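Throughout, protein chains are lettered first and strands after them, A, B, ... in sequence-line order, and every chain is numbered starting at 1. Nothing here was measured: the structure is a model prediction, and the numbers come from that model.
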There are 2 protein chains.
Amino acid sequence: MSRTPLHPTREQIELPMVLDCLSDPIRLAIVYQLAAQERVSSELCCGDFSGLGGKSNLAYHFAKLRECGLMQTRVAGTNRFMRLRREDLDARFPGLLDAVIGSAAKDAERLHLLSEGDVVEAD
Amino acid sequence: MSRTPLHPTREQIELPMVLDCLSDPIRLAIVYQLAAQERVSSELCCGDFSGLGGKSNLAYHFAKLRECGLMQTRVAGTNRFMRLRREDLDARFPGLLDAVIGSAAKDAERLHLLSEGDVVEAD
DNA sequence: TCAATTGTTCAATAATCGTTGAACATAGGA
DNA sequence: TCCTATGTTCAACGATTATTGAACAATTGA
C-alpha cells in the first residue's frame, strides 16, 4: 500500500476529467458530502461514506476523485482523511465547483443526496 | 429519419447526464463553439463543426447532446440548425453552463478549442 | 428525373467503466 | 503477540463508450 497516494498538481487538473468524475452519481454524492462537511471539519474518512456503497467500490471512486484532483487524501493511522481541493479547483475553474454543488443541492432528492442535517460531527 | 428529433423537457434534464456530456472533449468543443456563436446568430449547422471529426462521429455526439438537454436541433431543408438550450439550463442549473464555458475558455489552448475569431458569420 | 448535398442510422470494433468478492497491507488495542 | 478494524489492490464480469465506414433518407438544384 503506498503511504501517500499520488495527487495531480493544481496545474495538472484537467476540466474534462473533473466533469467526468462529477458525472457519476456516487462520486457526485461523495463530493457533495465533502462540501457539506466543509463548514464543520473539512475532513471525512472513508467509513463516513459507507451509505453510498461497498468498501471496494468506494475505494475505486476515491481513487478516481484523487486522480482527477477533486479531493486529497491524508493518511493517519488506519484511517484516510479526505477533503475537497477547493482552493485548487476554485483557482483553476472559478465558480465551477459551487455551480455543480448548488445544482446538486437543487436536485438533492432526485440524486438521493444526504440531507442538511446529516453532517458528521467534528472530531 | 425522424422529422423532429426528440428532446427532454426542461424538468427532465439531469445533472449527471449533463456533466457526462460535457466531459467529452469533442462535445465540450461543440458546446463551446455554440456558446461563442450565441453572440452572433445563436444557431449553427452540423457542417460548421467539421473541424472536430467525421460526419458520423459528430452525429453521434450531437445525439448525445440532444438527449441530455444541452442543445436543440431544428430541421430546415437538408440542414439541422442547433443551438444551446441556455434558458432551460440556466433555469435548472444556475451558473453551471457559464462556469463550464468559462473554465473551458481558460484552457482553450490545452483543449484545442477554436479561437475567438473563428465564429461563423451570421446567415 | 438525376445527381449532389446534408446528415442520420446501422454494424462492428476496441477500449474503458462500474461493480463485486476475495486477498492483501497497515495500524491499533486486548 | 494475536486479533480486529480500516482501506486498498487484484481479477473477473457485464455493460457502456467512442470511433469508423458503409448504407440510407430527405431535400435542393441542374
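Between the CG atom of Asn79(B) and the P atom of dA4(C) there is a distance of 19 Å, rounded to whole Å. Atom C1' of nucleotide dG7(D) and atom CZ of Phe49(A) are separated by 13 Å, given to the nearest angstrom.
Over its full length, the helix from dT1(C)-dA30(D) to dA30(C)-dT1(D) turns its helical axis through 10°, comparing axes from the five pairs at each end and rounding to 10°.
Listed candidates were dT8(C), dT19(C), dT8(D). Nearest to the side chain of Ile26(A) is dT19(C). Ranking dT6(C), dG18(C), dT8(D) by closeness to the Arg27(A) side chain, first place goes to dG18(C).
With the nearest nucleotide of DNA chain D identified for both His61(B) and Thr78(A), Thr78(A) has the one nearer the 5' end. For the pair Asp20(A) and Lys55(B), both in contact range of DNA chain C, the more 5′-proximal nearest nucleotide belongs to Lys55(B).
Donor-acceptor pairing under 3.5 Å is recorded for the side chains of Arg83(A) and Gln72(A). A donor and an acceptor atom, one from each side chain of Arg66(B) and Thr73(B), are located under 3.5 Å apart.
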List every contact pair, protein side and nucleotides 20-22 of chain C side both N or O, where the distance is under 3.5 Å.
| from | atom 1 | to | atom 2 | distance (Å) |
| --- | --- | --- | --- | --- |
| dG21(C) | N7 | Ser56(A) | OG | 3.3 |
| dG21(C) | O6 | Ser56(A) | OG | 3.3 |

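Scanning both residues, Glu14(A) and Phe93(A), for their nearest heavy atoms gives C-CZ, 4.0 Å. Here the closest non-hydrogen pair linking Lys64(B) and Cys21(B) is O-SG, 3.4 Å. Contact between Met82(B) and Cys46(B) at its shortest, heavy atoms only, is CE-SG, 3.8 Å. A pairwise comparison of heavy atoms in Arg10(B) and Asp88(B) identifies NE-OD1, 2.6 Å as the closest pair.
Among Arg74(B), Arg80(B), Gln37(B), the single residue meeting the side-chain hydrogen bond (donor to acceptor under 3.5 Å, both in side chains) criterion with Glu43(B) is Arg74(B).
With hydrophobic clusters built from ILVMFWY side chains whose heavy atoms lie under 4.5 angstrom apart, Tyr32(A) shares a cluster with Ile26(A).
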